[in-house]
Amino acid sequence: MAIGTGPSAVTGTDPQLSRTALEVAPLLLGAVLTVERGGLRVAVRLTEVEAYEGEQDPGSHGFRGRTARNSSLFGPPGTLYCYFTYGMHYCANIVCGTEGRASAVLLRGGEIIAGEETAKARRRNPARARDLANGPAKLAQALGLDLGCDGWHVATGQEISSGTNGGIGADGGAALSPLPAVEPPDVRTGPRVGVAGPGGSADYPWRFWLEGEESVSVYRPAQPRKRRKPAGRTPGTD
DNA sequence: GCTTCGATCTTCT
DNA sequence: GAAGATCGAAGCG
């Protein structure tokens, strides 16, 4: 694999990521993301991603502009944007494009290729290996990504170096293998998952995955959320 | 194997 | 107050 030394400018503009999310997303398929967290290292080969094109994309967290939560999304290409969702899950994006544009690629699925024992422990030993990272929250959990990783810098073709990730400190770091010049031949595209309304599945088929990979997540069309049932009994709607 | 539904809490309107 | 870039358990065939 290709994690190694490379261009040294950790905070500089990464030419491989300084393209639109739509351009970067298919190139990320097959790339290897290595994350070191708490002294433990896990590497994943990305098999499924989704593109989010910033403030022009209704499905993007950056659509309504910059907030405290999504400020990392507006950072320079290579910034890791981690967020907390549904009250219990973390998801991770890699920012691309240009700084201030909120263009990013959501990491949805991957195959663990190193640190499998660590990933299993973090994922509470799922029955099947494919369940280690076949979903955005599962992938983030397997890699040990949470809000503490928000704002890290993930440059392509660089070695992990603690303390160089945007001043995060010695907690860990992340690295991405160099991206190919052209997208892999077995890339498929389709509707994004769980994005409802304008900017949803039909309007933006910006989900990319590698055909035939087991680590691709289950597709679930966006559905309106139901109110949580009040304690005791359900309302008399029958 | 597939489908349905509840859990949980941050963020935004 | 409502919705959300999700997950996993339970129920069903």
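Within the structure, the salt bridge (Lys or Arg N to Asp or Glu O under 4.0 Å) test picks out no pair touching residues 61-83 of chain A (sequence neighbours left out). Pairs passing the ring-ring contact (aromatic ring centres under 6.0 Å, His included) check and including a residue from residues 113-136 of chain A, sequence neighbours excluded, do not occur. Judged as a salt bridge (Lys or Arg N to Asp or Glu O under 4.0 Å), the pairs with a partner in residues 77-105 of chain A (not counting sequence neighbours) are, in order, A:Glu53-A:Arg101. The side-chain hydrogen bond (donor to acceptor under 3.5 Å, both in side chains) pairs that include a residue from residues 115-124 of chain A are A:Arg123-A:Gln141, where partners are two or more places apart or lie in different chains.
Shown are A:Arg192, A:Arg207, A:Lys138, A:Arg130; of these, the salt bridge (Lys or Arg N to Asp or Glu O under 4.0 Å) with A:Glu48 is made only by A:Arg207.
Here the nucleotide nearest the side chain of A:Lys138, chosen from C:dC7, C:dA5, B:dG1, is C:dC7. Checking B:dT8, C:dA5, C:dC7 against every side-chain atom of A:Met88, the shortest atom distance belongs to B:dT8. Ranking C:dA5, B:dG1, C:dC7 by closeness to the A:Ser60 side chain, first place goes to C:dA5.
Contact between the side-chain N/O atoms of A:His61 and the OP1/OP2 oxygens of C:dA5 is found at a separation under 4.0 Å. OP1 or OP2 of C:dT6 sits under 4.0 Å from a side-chain N or O of A:Arg108.
Going from atom OH of A:Tyr90 over to atom P of B:dC9 covers 11 Å, rounded to whole Å. Between A:Arg128 atom CZ and C:dA9 atom C1' there is a gap of 13 Å when expressed in whole angstrom units. For the pair A:Gln141 CD and C:dG8 C1', the computed distance is 11 Å after rounding to whole Å. Between the CZ atom of A:Arg124 and the P atom of C:dC7 there is a distance of 13 Å, rounded to whole Å. When the P atom of C:dA5 is taken as reference, atom CG of A:Leu73 falls 12 Å away, rounded to whole Å. For the pair A:Arg192 CZ and C:dT6 C1', the computed distance is 16 Å after rounding to whole Å. Per the geometry, NE2 belonging to A:His89 stands 12 Å off C1' belonging to C:dA9, to the nearest Å. Between A:Tyr83 atom OH and C:dA3 atom C1' there is a gap of 14 Å when expressed in whole angstrom units.
Both geometric conditions, a ring-centre gap below 5.5 Å and a plane tilt below 30°, are not fulfilled together for A:Tyr86 over the base of B:dA7.
Taking A:Asp131 as the reference, A:Arg128, A:Asn134 meet the side-chain hydrogen bond (donor to acceptor under 3.5 Å, both in side chains) condition, with sequence neighbours excluded. Applying the salt bridge (charged side-chain N to carboxylate O under 4.0 Å, His left out) criterion to A:Glu23, with sequence neighbours excluded, gives no partner residue. Among residues two or more places apart in sequence or in another chain, the side-chain hydrogen bond (donor to acceptor under 3.5 Å, both in side chains) test is passed with A:Thr67 by A:Asn70.
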Please list, for nucleotides 10-13 of chain C, all pairs of protein and nucleotide N/O atoms separated by less than 3.5 Å.
none

What does the list of N/O pairs under 3.5 Å between the protein and nucleotides 10-13 of chain B look like, with a distance for each?
unit_1, atom_1, unit_2, atom_2, d
B:dC12, OP1, A:Thr67, OG1, 2.5
B:dT13, OP1, A:Arg64, NE, 3.0

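Within the hydrophobic cluster formed by Ile, Leu, Val, Met, Phe, Trp and Tyr side chains joined at under 4.5 Å, directly or through other members, A:Phe84 is accompanied by A:Tyr90, A:Leu147. Alongside A:Leu40, the hydrophobic cluster contains no other residue (criterion: ILVMFWY side chains under 4.5 Å).
Taking CG of A:Leu80 as the reference point, atom CG of A:Leu73 lies at 11.0 Å (rounded to 0.5 Å).
With the 3.5 Å cutoff on both pairing distances, Watson-Crick and G-U pairs in DNA chain C assemble into runs of at least 3 at B:1-7 with C:6-12, B:9-12 with C:1-4.
The aromatic ring centres of A:Tyr52 and A:His61 sit 6.0 Å or more apart.
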